[in-house]
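Chain identifiers are assigned alphabetically (A, B, ...) following the order of the sequence lines, protein sequences preceding nucleic acid strands; residue numbering begins at 1 within each chain. Keep in mind it's a predicted model, so treat the numbers as computed, not measured.
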Amino acid sequence: MPELPEVETTRRGVEPHLTGATVTDVVVREGRLRWPVPPALAATLSGLPVLAVRRRAKYLLLEFASGTLLVHLGMSGSLRLVAADTPPQKHDHIDLILDGRTALRYRDPRRFGAMLWHVGPVEFHPLLAELGPEPLGDAFDADTLYRASRGRTTSIKQLLMDNHVVVGVGNIYANESLFEAGIRPGRAARRLTHADCERLAVAIKSILARAIEAGGSTLRDFVGASGQPGYFQQTYAVYGRAEEPCHTCGSLIRQIRQGQRSSYYCPHCQPW
DNA sequence: CTTTGCACCTGTTGGC
DNA sequence: TGCCAACAGGTGCAAA
């Protein structure tokens, strides 16, 4: 699930319940995530109030006075708020107990996610230090995309998914943005004109912003035990629509493989 | 430095 | 119905 809009939706959902609350315990039922969850996490966090919940790329950052808890949802992770005595279900690996009553519950069937503790300025954490600009920030625009694409033989779609160039653009939104910009995913990055980069940067910002808005408007169930957290069924222009007609021109959407991942495009609306 | 492919893990889907 | 292969939205890392 988690692409950037879901991560940001999650942040907005949990932030009001976390900020100002004090961690009273941490229960780790399964600590084998992408990296081992620090065994001393309960001792580290107990008694500390959450100062803020921020996001960098797809990392959620829970800030405390003495350090930062980095949380990544990987491919299948989710966070929700439940009463602390709610029985955990399968794959509910970690609870942050807040004020002894509420649990911030981390679920991740595939365990590709992460929960790491960092002391010191979090922007210097090795996982964050080399990241490119936020897609919705002013530091990412047509110029940065144009410069980043010069001399690059890789495809524009793979360049978009390179975290050094821009963060938070995963497989779905790389495909959707390229459709909106009218550019084929397989085109060499170095062949993009400045005008292409302009349309693409605008498309990325617009699509991500719209998806976050949609997530916010259907935001629910971060508090409580019912159903999945407040994600949303998004309708896509090309992603997952192989052999289906393009909503714009009726041509059949094509699917190709790029770097072991599926890409989708409309042969008419994305001429090259 | 860039590019490519693998690895981590479980669950779902589709074909036979 | 059962079995098996292929695939799934992330991303760090090693190797070429």
Nucleotide of C:dG10, B:dG5, B:dT4 approaching A:Lys58 most closely (side-chain heavy atoms) = C:dG10
Given the P atoms of B:dT12 and C:dT11, what is the spacing between them in whole Å?
-> 22 Å
Could you tell me whether the phosphate oxygens of C:dG9, OP1 or OP2, come under 4.0 Å of any side-chain nitrogen or oxygen in A:Ser76?
-> no
Report yes if a donor N or O on one partner sits less than 3.5 Å from an acceptor N or O on the other, where the partners are the side chain of A:Arg34 and the base of C:dT11; otherwise report no.
-> yes
Below 4.0 angstrom from OP1 or OP2 of B:dT10, is there any side-chain N or O of A:His91?
-> no
Whole angstrom value for the distance that separates P of C:dC7 from CE of A:Met75 = 13 Å
Euclidean distance, atom CD of residue A:Gln258 to atom P of C:dG9 [Å, nearest integer] | 13 Å
Answer for the Watson-Crick or wobble partner of B:dT12, both distances under 3.5 Å, is C:dA6
Going by an N to O cut-off under 4.0 Å, is there a salt bridge joining A:Asp162 and A:Arg152?
-> yes
With centres under 5.5 Å and planes under 30° as the test, does A:Phe112 stack with B:dC8?
-> yes
Look at the side chain of A:Gln255 and decide which nucleotide, out of C:dG10, C:dA8, B:dT3, has an atom nearest to it.
-> C:dA8
Is the number of heavy atoms from other residues, nucleotides or ligands within 6.0 Å of CZ (A:Arg29) greater than 12?
-> yes
Looking at A:Arg55 and A:Glu8, does any basic side-chain N land under 4.0 Å from a carboxylate oxygen?
-> yes
Could you check which of C:dG9, B:dT3, C:dT11 has an atom nearest any side-chain atom of A:Ile172?
-> C:dG9
Please state whether the base of B:dC9 and the side chain of A:Arg110 form at least one donor-acceptor pair under 3.5 Å?
-> yes
In whole angstrom, give me the gap between the P atoms of B:dC9 and C:dC3.
-> 24 Å
Quick one: A:Arg111 CZ to C:dA8 C1', roughly how many Å, whole number?
-> 17 Å
Is it true that A:Glu15 and A:Arg54 make a salt bridge, defined as a side-chain N closer than 4.0 Å to a carboxylate O?
-> no
Whole angstrom is fine here: how far is it from CZ in A:Arg241 over to P in C:dG9?
-> 17 Å
For atom P, what is the distance between C:dC7 and B:dG5, given to the nearest Å?
-> 15 Å
Indicate, with a heavy-atom threshold strictly under 4.0 Å, whether A:Arg32 touches base, sugar-phosphate, or nothing.
-> nothing
Find the distance A:Leu160:CG to C:dG10:C1' and express it as a whole number of Å.
-> 16 Å
Provide, to the nearest angstrom, the distance between the CG atom belonging to A:Leu60 and the P atom belonging to C:dG10.
-> 15 Å
Using atom OH of A:Tyr236 as one end and atom P of C:dG9 as the other, report the distance to the nearest whole Å.
-> 10 Å
Touch check for A:Gly170, heavy atoms < 4.0 angstrom, all strands: base, sugar-phosphate only, or nothing?
-> sugar-phosphate
Check the surroundings of atom NE2 in A:His268: do more than 12 heavy atoms from other residues, nucleotides or ligands lie under 6.0 Å from it?
-> no
Do A:Glu63 and A:Thr68 have side-chain atoms, one donor and one acceptor, less than 3.5 Å apart?
-> no
Counting side-chain heavy atoms from C-beta on, which of C:dC7, C:dG9, C:dT11 comes nearest to A:His72?
-> C:dT11
Hey, does the side chain of A:Tyr173 come within less than 4.0 Å of C:dG10's phosphate (OP1/OP2), counting only N and O?
-> no
Between A:Arg199 and A:Glu180, is there a salt bridge with N-O shorter than 4.0 Å?
-> no
Should A:Tyr239 be listed as having a side-chain N or O under 4.0 Å from OP1 or OP2 of C:dG9?
-> yes
Are A:Lys90 and B:dG11 close enough that a side-chain N or O sits under 4.0 Å from OP1 or OP2?
-> yes
Round to the nearest Å and state the distance from A:Leu127 atom CG to C:dT11 atom P.
-> 10 Å
Among C:dG10, C:dG12, C:dC7, the one nearest A:Arg257 by side-chain distance = C:dC7
